[in-house]
Amino acid sequence: MTDRARVNLWRVAILVALLGGWEWLTGIKAISRTPGLYWIDPFFISRPSAIARRFVYLASGEVRLSLWQMALSTVQSTLWGFVVGVSTGFVAGLVLGRNDRLARVLEPYIIAFNSLPRIALVPLVTMIFGFGLLAKVVLAWTIVFFIVFFNTFQGARAVDADLIHSARFLGAGERQIMRTVIVPSALAWTFAALTPSISFALIGVVVGELLGGESGGGLGYLITQSLGTLNAADMMVALVSLGAIGIVMALGIKQVERRLLRWRPEYRTERA
Amino acid sequence: MDRASFEVLEGEFVAIVGPSGCGKSTILNMIGGLVTSSAGAVLVDGAPVTGAAPRHVGYVFQKDTVFPWRTVARNVALGLEYRGVAGPERARRVREAVALAGLAGFEEAFPATLSGGMRQRVALMRTLVVDPEILLMDEPFGALDTHTKLVLHAELLALWEARRQTVVFVTHDLSEAITLADRIVVMTRRPGRVKMVHEVKLTRPRDVIALRESDEYAREYGRLWHVLGEEFAYPQGGHPQGGPGK
């Protein structure tokens, strides 16, 4: 058996053990004749079988707001927040990274804003932007922007001066230097921020959805709704879906990163 | 640096040797306009150098400055791209340069997959492809092993024989200077001055391997080694000509 197969086998084994243990433990009655009294109460953590049933039900057309619609709403907001956050953070990082005085002037403001716990902004964002898509995107943006900004900023500052000089000797103007030296150099740093960024975009969006109610939609709404009806199974459906969305998006980013950074030795050896 | 004055003729290959820290690289950077001198001037064709990176000057750095995110061909194409040479003309010149550097077949390779010698070849051809009149080289082969160095010496000489650019080559390797140059500028220790300008009386074209066994080479080496040796012999500050470092 190859090493890879062995690792995968263990992964599956752990999953089966976890799900099996969960299902089994939440099925044991504390006092056999009293109904509804369990060693570990599925009321709080539900059971895999119940979650699977709810999953099928919520994903079906029988509900007013299906799981798919909610997931789509979350994914859509996350991607928007990610795209807007990454692009603005990248541009800001480049500009400040190549403009020392401006960076020094703005430094205290940037640090102050970044030190703010983002969750504290939720009520304010809600006041300004309401409960819809826009509010969620803004929340995701407030986190993603800074992650990408700081990395790009570092990257733009760390550009090797000799690379700039050699470009200049080859006849490059300032804009050509920006395009062919500084941007590709800084991109390597920006990419390092992308995987955490997509996760943080998802956090921002779900936080917005927790407060946003039905008009905000999304899986965060399913969670608050389940809390209202004390439905642990539905809550688990939302959590599992969020986990799956998070993994798929992170893997997607990794693929893009690998393609664009294929000149780096560490990406080549990984593929080989 | 202090009273470091010397002339380079058109089409001439001049090497600058001297102990480290004497300002060899600074001279190159002054010619290239990367640093300005506090006193004195660098004149190219009678006009003082103003601004960084004049158009007719090519610079090969000591450090590996090949762009790691560009393939060999796209690295070589850089200068042409910057100067607006496009289409088939650019493709043709890149193809020729890559072939000339002995890198045919590696056009699409990224620098990380190449050896140090190959990367420095890319850097050299990238500079030569735009046909500079003046070529500044700052210990370009300093990080390479002896064998690779010799191979690149031969290649550089062949390329130079064909186009005869004016070359200023900084090195601390005396044998490298003798092998390549028409004249050698020997610098003193800090504060760097021109100690002497030595004319290398070796005929061209030179065979970089056979040259080293010849008596003429040994004589040149002996004479220069003696002069340069004086610069290493005295402890810092105790040099009869040198005051405290600047």
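Just so we're clear, the structure is a prediction, and the values are computed from it rather than from any experiment. The chains referred to below are lettered A, B, ... by the order of the sequence lines, with proteins before strands, and numbering in each begins at 1.
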Quick check: are there more than 12 heavy atoms from other residues, nucleotides or ligands sitting under 6.0 Å from [atom1] of [X]?
| X | atom1 | value |
| --- | --- | --- |
| B:F61 | CZ | yes |
| B:E10 | CD | no |
| A:W80 | CH2 | no |
| A:I119 | CD1 | no |
| B:F169 | CZ | yes |

Between NE2 on residue A:H165 and OG1 on residue B:T65, distance to nearest 0.5 Å | 11.5 Å

Spatial distance of atom CZ (A:R262) from atom CH2 (B:W69) [nearest 0.5 Å] = 14.0 Å

Tell me the closest heavy-atom pair linking [X] and [Y], and the distance in Å.
| X | Y | answer |
| --- | --- | --- |
| B:T127 | A:L170 | CA-CD2, 4.0 Å |
| A:Q176 | B:E81 | NE2-O, 3.9 Å |
| B:A112 | A:W263 | CB-O, 3.9 Å |

Measure the shortest side-chain to side-chain distance between A:D160 and B:K63 over non-hydrogen atoms and say whether it is less than 4.5 angstrom.
-> yes

Any side-chain heavy-atom pair of B:R126 and A:S166 under 4.5 Å = yes

Should the ring pair A:F169 and B:Y59 be called parallel, tilted or perpendicular, given that the plane angle runs from 0 to 90° and is split at 30 and 60?
-> tilted

Which bit of A:R175 is near chain B, if near means a heavy-atom gap under 4.5 Å: side chain, backbone, both or neither?
-> neither

Considering only heavy atoms, which portion of A:A167 lies under 4.5 Å from any heavy atom of chain B: side chain, backbone, both, or neither?
-> both

